[in-house]
Amino acid sequence: MDDQNFPTAEELMSALRAGDMSSVELTDQTITRIERDDKSINAICVPDFDRARTAARAADEARARGEDRPLLGLPVTVKESYDIAGLPTTWGIPAHRDHIPTEDAVQVSRLRAAGAVILGKTNVPLALQDVQSFNDIYGTTNNPWDLTRTSGGSSGGSAAALAAGFGALSIGSDIAGSLRTPAHFCGVYAHKPTLGLAPSRGMVPPTAPPYPAEPDLAVVGPMARTARDLTLLLDVMAGPDPLTLGVAYGLDLPPARHERLGDFRVLVLDDHPLIPTGAAVRAGVHRVAAALADAGARVERHSPLLPDPTEAALLYTQLLFAGFSAGFPVEFYEEWRTRAAGMGADEQGLDAARVRGLVFTHRDWIEANGRRERHRQGWRRLFAEFDAVVCPVTPTPAFPHDHHPDGEQRRLDIDGVGHPYYDQLVWAGVATMPGLPATAVPAGRSPEGLPVGVQIIGPMYEDRTPLRLAELLEERIGGFGGFGVAGQQAG
């Protein structure tokens, strides 16, 4: 299918400021595209078009008064998991289909304060816990490149919306690749910020109080069609919650370490000891490595400074699943505890880590957190010698829809060989476990024409470094601006 280079957020903001178009015109155009094309994609699960048009008129009136704000008049979308006053927040859970918050999440408030026009909410998996986006309330979000394949999860609706031109920016969240994997599958950009950099208050499960408490491992972050647009949106999202750290602290992110591609020192990884890397993804990593080397960057393939990836993956898996089990019913938790007690000491793989993590005691968690701090110190040493790490987001491009209710029964096909479905999360954990920033960038297409991306991991609190490297790579190797939806021929 043919690419469509939809305008970037930066280009649209320039046009709005120059008076070349109004926010009302831009919003109406975007709504028309959604109404025409989203029937087959199903990215926008909760449209809010009437209020969007009202906000667009208000933006035009504000601009006429001489006002200017970072996103004034720009149509955007929001992941369904964020509270927006007056709209349902369900997390795809049927029992909560009628839950309507009365208060905006802090990031929604920041979008409004920046002048954005919110078009509606984007689809998610059940309870945000899948690498696909489908649920019994809103149905399945399809990948615009191939409707038979997933758009990713849990920010799959946002990634599909961006790829199809349904707004220039979106906000999502990430604990297991939920920003990066959909971006990789749909050929767009996403940034997982440093842990704690952007507050998540109001992005809570339905009926949970929107306290300003940050969950372990999880972040909220920007999604866009270009790397520069990620920075535009991150600057709106980042900064401490005014109810907590914001009482005493402000944010002053350091600039990128370098401004020229040739000045970067980059460690490139394409192998993981616990899961193979598919040929299409490996080729994408190699394309990025070649572009870096051609520009004169220092590119290394191995370093003794890299914290042990097997230990890191097992530790990440334990911490991740420990968080998942906190809300389990007692009888369900006891079933898993019995299962964990029956495991032998020789069972040390990812499956065992998932089971043991589900029944972590507080003592277990404290011990695991201590090991995480040792890994963080290892990353500090590595980033004294390197500026960034480039590696896969997941082992494959977007895979065909697989809605088997038991994720343990699903298999991930990597070059014709089946692997446990949840093993694909190990690459997401490389950045998530230590809390590092990571930017997902397009890196070409698979032989079947599907997008392939990589992630650029940077030093903690130096988010501008992977973002700047992403911008320079985009200039060097290009990205995907989007594509025509016409017919959506599968395959």
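This structure is a prediction, so every number in the text was calculated from the model and none was measured.
Among residues two or more places apart in sequence or in another chain, the ring pair (Phe, Tyr, Trp, His ring centres under 6.0 Å) test is passed with Trp379 by Phe383. When the side chain to side chain contact (heavy atoms under 4.5 Å, CB included) test is applied to Ala159, the partners found at least two apart in sequence or on another chain are Pro182, Cys186, Val188, Met223. Residues passing the side chain to side chain donor-acceptor pair (under 3.5 Å) test with Thr141 are Asn123, sequence neighbours excluded. With sequence neighbours excluded, the residues satisfying salt bridge (Lys or Arg N to Asp or Glu O under 4.0 Å) with Arg112 are Asp104. For Thr317, there are no side chain to side chain donor-acceptor pair (under 3.5 Å) partners at least two apart in sequence or on another chain. Residues meeting the salt bridge (Lys or Arg N to Asp or Glu O under 4.0 Å) test with Arg298, sequence neighbours left out: Glu300. Remark: Phe321 pairs with Phe324 by the ring pair (Phe, Tyr, Trp, His ring centres under 6.0 Å) rule, at least two apart or across chains. With sequence neighbours excluded, no residue forms a side chain to side chain donor-acceptor pair (under 3.5 Å) with Thr465. Residues that satisfy the ring pair (Phe, Tyr, Trp, His ring centres under 6.0 Å) test with Tyr422, not counting sequence neighbours, are absent from this structure.
Here the side chain of Arg225 pairs no donor or acceptor atom with the backbone of Thr8 at under 3.5 angstrom. With hydrogens and angles ignored, the 3.5 Å screen pairs a side-chain donor or acceptor of Asp229 with a backbone N or O of Ala9.
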Pair Asp294-Arg476, side chain to side chain contact (heavy atoms under 4.5 Å, CB included): steps then yes or no: CA-CA 10 Å; Asp294 289 347; Arg476 188 95 180 175; 3.6 Å; yes

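With salt bridges taken as basic N to acidic carboxylate O contacts below 4.0 Å, none links Arg282 and Asp415.
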Acceptor/donor pairs from residues 237-244 side chains to any protein atom, 3.5 angstrom cut, sequence neighbours excluded:
from   : atom 1 : to     : atom 2 : distance (Å)
Asp241 : OD1    : Arg201 : NE     : 3.3
Asp241 : OD1    : Arg201 : NH2    : 2.9
Asp241 : OD1    : Leu243 : N      : 2.8
Asp241 : OD2    : Arg201 : NE     : 2.7

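In this structure, the separation between CE on Met460 and CZ on Arg376 is 4.5 Å, given to the nearest 0.5 Å. The CZ atom of Arg381 sits 9.0 Å away from the CG atom of Leu305 when rounded to the nearest 0.5 Å. Between atom NE2 of residue His404 and atom CD of residue Gln409 there is a gap of 5.5 Å, rounded to the nearest 0.5 Å.
Taking the six-membered ring for Trp and the full ring otherwise, the centers of Phe134 and His403 sit less than 6.0 Å from each other.
Considering Ser133, Ser173, Ser158 as possible partners of Lys79, the one that fulfils the side chain to side chain donor-acceptor pair (under 3.5 Å) test is Ser173. Checking Val236, Val220, Leu233 one by one against Ile171, the side-chain contact (heavy atoms from CB on, under 4.5 Å) holds for a single residue, Leu233.
Listed by first and then second residue, the ring-ring contact (aromatic ring centres under 6.0 Å, His included) pairs involving residues 220-259 are His258-Phe264 (not counting sequence neighbours). Applying the ring-ring contact (aromatic ring centres under 6.0 Å, His included) rule to pairs touching residues 441-463 yields nothing, sequence neighbours excluded.
With hydrogens and angles left out, the side-chain atoms of Gln455 and His184 include no donor and acceptor closer than 3.5 Å.
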